[in-house]
There are 2 protein chains.
Amino acid sequence: MSAPEVPARRQTRQRTAVLALLDELDGFRTAQELHALLRERGDAVGLATVYRALQALVDDGLVDVLRSEVGEAAYRRCSPVHHHHLVCRSCGRTVEVADPPVERWAARVAAEHGFADVQHQLEVFGTCRPCAAAQREDRLSGRGR
Amino acid sequence: MSAPEVPARRQTRQRTAVLALLDELDGFRTAQELHALLRERGDAVGLATVYRALQALVDDGLVDVLRSEVGEAAYRRCSPVHHHHLVCRSCGRTVEVADPPVERWAARVAAEHGFADVQHQLEVFGTCRPCAAAQREDRLSGRGR
DNA sequence: CGGACGTGTGAGAATGGTTCTCATGACCAC
DNA sequence: GTGGTCATGAGAACCATTCTCACACGTCCG
Ligand SMILES: [Zn+2]
Ligand SMILES: [Zn+2]
Ligand SMILES: [Zn+2]
Ligand SMILES: [Zn+2]
């Protein structure tokens with residue numbers, strides 16, 4: 001009800017830089033990594049601002065966020081339609097994938113147990129071919145232990 | 001190769017208490033919540049020890065861990081066979097569910113993109129019936145805003 | 001254009017969950 | 001029993017994220 005509540009997002013150098021950087025990267029990156037990359041490239045942006053920009057992008061549905069196993073948040077420019085991810089554990093390379101059956105399954109199993117307001121999260125983790133090859137090499141050289 | 005590597009888990013009052021508490025609870029609880037519950041009940045255990053005991057249980061496959069949206073880890077006594085979870089957002093009540101099709105789907109989609117060492121995580125979140133009813137009541141009373 | 005307003009920025013402090021440190025205590029095989 | 005480990009716990013350390021607040025700068029009329 002009442003006003004549509006659009007706080008009017010303002011266009012600044014910092015927000016533009018964050019989104020531009022995300023557009024060039026293909027995988028999930030943490031806020032700290034993005035902050036370091038921006039600094040290297042010269043587009044210096046405060047860390048707190050990186051966090052705020054990412055949060056805004058997530059709210060706008062332009063960016064997906066994923067929690068790593070150690071609890072850090074990682075961000076990626078994603079398409080706005082519902083999808084899931086196939087993520088490389090070591091380099092972050094990501095492929096967007098869809099699985100229509102699981103959507104129906106989630107809704108059905110939730111209904112069967114009387115759960116409402118259903119959401120689901122499905123992610124697949126693995127090692128992409130280049131990273132697997134690199135790891136094999138490492139093992140062949142000195143890393144016996 | 002070499003020794004089977006079983007560091008010999010020692011049985012102490014603290015670890016017994018943590019596992020016993022988890023056995024009584026039906027949902028995912030954070031380490032801090034478990035620590036508080038143990039203190040109330042009189043089985044006082046240091047917070048660091050709760051974390052260590054939980055980590056050991058996870059390593060042994062007796063407990064599952066889930067990251068909340070705010071990044072906290074939540075633990076639950078679970079069956080040792082592979083399964084997924086239907087979790088109530090507000091009370092933590094949890095149902096273990098299986099979805100054989102998604103297992104095959106994950107393996108296939110990973111193979112198609114050349115990913116190895118595949119793992120997947122699938123969780124469904126919702127509001128269980130009792131919690132939904134409670135929230136409806138709250139809204140009817142003073143919470144107009 | 002030219003301010004006025006209100007949002008955005010950033011350095012540093014604060015927060016809070018988790019892990020580490022290390023002196024002390026308690027299992028348990030012998 | 002005893003000894004050698006491993007476990008415990010209070011507090012410090014860690015570290016990602018958020019908060020604070022003085023200041024800068026888009027945006028919007030006029
Ligand atoms: Zn995505
Ligand atoms: Zn889905
Ligand atoms: Zn489980
Ligand atoms: Zn599965």
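To find a chain, count down the sequence lines: A is the first, B the second, and so on, and within it residues start at 1.
For T49(B), whose side chain is taken as the heavy atoms from C-beta onward, the closest listed nucleotide among dT8(D), dG17(C), dC28(C) is dT8(D). For R52(A), taking side-chain heavy atoms from C-beta onward, the closest of the listed nucleotides dG9(D), dT17(D), dT9(C) is dT9(C). Of the candidates dC6(D), dG11(D), dT18(D), dG11(D) carries the atom nearest the A48(B) side chain, counting heavy atoms from C-beta on. Out of dG8(C), dC19(D), dT18(C), the shortest distance to the side chain of Q32(B) is found at dT18(C).
Positionally, the nearest nucleotide of DNA chain C for A73(B) lies more toward the 5' end than for the other of A73(B) and R10(B). In terms of position on DNA chain C, the residue among T12(A) and G71(B) whose nearest nucleotide sits closer to the 5' end is T12(A). Where R15(B) and R39(B) meet DNA chain D, the nucleotide closest to each residue was compared, and R15(B) sits on the side nearer the 5' end. Of the two residues near DNA chain D, E72(A) and V45(B), the one whose nearest nucleotide lies more 5' is V45(B).
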Taking it one step at a time, do H35(B) and L38(B) satisfy side chain to side chain contact (heavy atoms under 4.5 Å, CB included)?
CA-CA 5 Å; H35(B) 176 242; L38(B) 287 170; 5.8 Å; no
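Y51(B) has a side-chain polar atom (N or O) that falls below the 4.0 Å cut-off from OP1 or OP2 of dT18(C). A close approach under 4.0 Å does occur between a side-chain nitrogen or oxygen of Q14(B) and OP1 or OP2 of dT8(D).
Rounded to whole Å, atom P of dG17(C) lies 15 Å from atom CG of L54(B). Nucleotide dT18(C) holds its P atom 13 Å from the NE2 atom of H35(B), rounded to whole Å. Rounded to whole Å, atom C1' of dA16(D) lies 9 Å from atom CZ of R67(A). The CD-P distance, from Q55(A) to dG8(C), rounds to 13 Å in whole Å. Atom P of nucleotide dA16(D) and atom CZ of R29(A) are separated by 16 Å, given to the nearest angstrom. At whole-Å resolution of the value, CG in L38(A) and C1' in dG10(C) are 14 Å apart. Atoms CG (L47(A)) and C1' (dT15(C)) sit 15 Å apart, rounded to a whole Å. When the P atom of dC28(D) is taken as reference, atom CD of Q11(A) falls 11 Å away, rounded to whole Å.
Nucleic acid contact for R13(B): sugar-phosphate only, since backbone atoms but no base atoms lie under 4.0 Å from a heavy atom of the residue.
Ring geometry for H120(A) versus H84(A): interplanar angle of 30 to 60°, hence tilted.
Between H85(B) and F125(B), a ring centre-to-centre spacing not shorter than 6.0 Å is recorded.
None of R76(B), R29(B), R77(B), R41(B) except one satisfies the salt bridge (charged side-chain N to carboxylate O under 4.0 Å, His left out) rule with E24(B); the exception is R41(B).
Few gaps surround CD on E96(B); more than 12 heavy atoms of other groups in view lie less than 6.0 Å from it.
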